[in-house]
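In the text below, chain A, chain B and the rest are named by the order of the sequence lines, each starting its count at 1. Keep in mind that this is a model prediction, so the values were computed, not measured.
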There are 2 protein chains.
Amino acid sequence: MNHRPRYQQIKQFISDAIRNQQYAAGDKIPTEAELVEQFSVSRMTVNKALRDLVQEGWLIRYPGLGTFVTPPKAESPLAEVRNIAEEVRERGHQYTSQVLALNEQAASEFVAMQLGIPLHSRVFHSLIVHLENQLPIQLEERYLAASVLPHYLQQDFTQKTPNQYLSEHYALSSMEHIVEAVLPSQHAKDYLKLDAHLPCLQVSRRTWSGERLISFAVLTHPGDRYKLRSVMSLTVQPSENLALR
Amino acid sequence: MNHRPRYQQIKQFISDAIRNQQYAAGDKIPTEAELVEQFSVSRMTVNKALRDLVQEGWLIRYPGLGTFVTPPKAESPLAEVRNIAEEVRERGHQYTSQVLALNEQAASEFVAMQLGIPLHSRVFHSLIVHLENQLPIQLEERYLAASVLPHYLQQDFTQKTPNQYLSEHYALSSMEHIVEAVLPSQHAKDYLKLDAHLPCLQVSRRTWSGERLISFAVLTHPGDRYKLRSVMSLTVQPSENLALR
DNA sequence: CTCAGGTATTTGTATATATATGTATATACG
DNA sequence: CGTATATACATATATATACAAATACCTGAG
């Protein structure tokens, strides 16, 4: 069944527990002796796993005391999800953004379903346009339950993208994307300065921290100008307004 | 008798055993020493066979541990890449397909670059439209190096999708997708029966088996009718014709 | 009470051994 | 040149054992 080297499985187990926040920063994790017991391996195998995790920056160890979780750097599994501001700057271009809306709403049926919360419960909403060399490249419409981040509305999102702000408060662990090609909505036409006939890429993204659903965002890109690169599998899914029968 | 090279016979024997489920995913297969015994050959011959099977994605090896059948879930996310025919049938709809083109070509600059092969080398090309209840839902244009699957052109792709055919001959291990929203090409307009102003989802997919790049395909979907669901991260990437400076 | 010293706990490190794969070289054959 | 063999050495995983070093805790002397 399990074919990978034992020490790698142990590494996985521990780093998973840290990502899931079963161990918080500063927590003491089990001793080598306890892990030997738990995994039925020799101490040197456990030691190899822990030394690796120290090397990778997950843990810090003190002889006589134990092994402790180090504060998580940018080393979240979503390191692969690049921040749009960083991407733009890496291309050597100027990044700016405009906050078009930032307010509190009662959850509509759609938003409530996406976030898995009761209808009409309080949600925060933001609408931001991201610009590369003054040219709008992404329209970001985001919703999150008010209880998730009570000070969301006080943030200045021209300085820090909502995604950055979320990452600082939650160890984001998984995402789901649904990608569609659509004609631009009125919003998109206005703020991305698009013609009505230009196709747009619309990405609906939900973000989890462990089991907790944190945020729902709709990202709209001018389709002829940007591509989305994925490292994973895609499966075809019929849209709601599909009339096939 | 059989005068194929010994190492190929060994490859065949092992990959057959995997296909026959004599070894399940994650199972440990015999060590080189044991196979040397069994086939009465030198270790280097066994080693050549096993290295090939690793390259083709069937096996994964660890020094000191052994050789294991590549597991489907943990390390190959492609279990989630659904076959379009199966997806349609799971929705209780009728699946059909039409082969619009099936031929051999010299690799164009674009195709050669995508497949990482020399310019003008021989490639197979197929153009297939997939239909759900008679309605075209995907246009699949596919290229692969002729050396990868010499009998590709002899297949009946109304019975078996190219992807199915590939999976039977290679343990597909990774994919890369680039997703764009575009207006339909002439091909797409003709075969998907779309209006010129309807946005399309265009998915460029490259498929690997281990380290080997197997195939390049462009899948076009009517954007208002289908969505693509992804379970992974996406990063924005500028397209070639981006004029920002 | 403080302090020195012993003890238990925990990690750090080193060595040896067994196993299995990774790689390189030389040779031979058709 | 590709196939196949023979040999040799390197590398990676895992176990077992031993001892060193850092820390915390307890205890008895003063």
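- Atom-to-atom, CD of Q55(B) to C1' of dT21(C) comes out at 17 Å; the value is rounded to the nearest Å.
- When the P atom of dA12(D) is taken as reference, atom CD1 of I60(B) falls 15 Å away, rounded to whole Å.
- A ring-centre distance under 6.0 Å is not found for Y152(B) and Y143(B).
- Contact check, T45(B) against dT3(D): no side-chain N or O comes under 4.0 Å of OP1 or OP2.
- Dashed line: the shortest gap from a side-chain N or O of T67(B) to OP1 or OP2 of dT21(C) is under 4.0 Å.
- Side-chain proximity of M44(B) to dT21(C), dA6(D), dT13(D): nearest is dA6(D).
- In this structure, the nucleotide among dT21(C), dA16(D), dG12(C) sitting nearest to the side chain of R61(B) is dT21(C).
- Listed nucleotides dT13(D), dT21(C), dT11(C) differ in distance to R43(B); the shortest reach to its side chain belongs to dT21(C).
- In this entry the distance linking CG of L59(B) with P of dA20(C) reads 16 Å, nearest Å.
- Comparing dA8(D), dT3(D), dA16(D) against the side chain of Y7(B) picks out dT3(D) as the nearest.
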Requested in this report: Please report the C-alpha distance between I14(A) and L50(A) in whole Å, then the side-chain angles of each, then the deciding distance to 0.1 Å, and finally whether the side chain to side chain contact (heavy atoms under 4.5 Å, CB included) criterion is met.
Outcome: CA-CA 9 Å; I14(A) 294 170; L50(A) 295 179; 3.7 Å; yes
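- Without hydrogens or angle criteria, E37(A) side chain to A33(A) main chain gives no donor-acceptor distance under 3.5 Å.
- Projected onto DNA chain C by closest heavy-atom contact, R51(A) and G64(A) fall at different nucleotides, the more 5' of which corresponds to G64(A).
- Two residues, Y62(A) and S40(B), neighbour DNA chain D, and the one matched to the more 5' nucleotide by heavy-atom proximity is S40(B).
- Closest approach to the L65(B) side chain among dT13(D), dT3(D), dA12(D) is made by dT13(D) (side chain taken as heavy atoms from C-beta onward).
- For Q8(A), the side-chain atoms get nearest to dT13(D) when compared with the rest of dT11(C), dA4(D), dT13(D).
- Rounded to whole Å, atom P of dG2(D) lies 9 Å from atom NZ of K48(B).
- Counting to the nearest Å, the P atom of dG22(C) and the CG atom of L53(B) are 12 Å from each other.
- A salt bridge between K48(B) and D52(B) is present, with a side-chain N of the basic residue lying under 4.0 Å from a carboxylate O of the acidic one.
- Contact detail for P30(A) and Y23(A): the closest heavy-atom pair is CD-OH, 3.3 Å.
- Closest to the N47(A) side chain, of the nucleotides dG12(C), dT3(D), dT13(D), is dG12(C).
- As a whole-Å value, the separation of F68(A) CZ from dA24(D) P is 9 Å.
- Remark on DNA chain D: of its neighbouring residues R6(B) and V41(A), the 5'-side contact belongs to R6(B), judged by nearest-heavy-atom nucleotide.
- For L35(A) and dT10(C), the CG to P distance is 12 Å, given to the nearest whole Å.
- With rounding to whole Å, L50(B) atom CG is found 14 Å from dA4(D) atom P.
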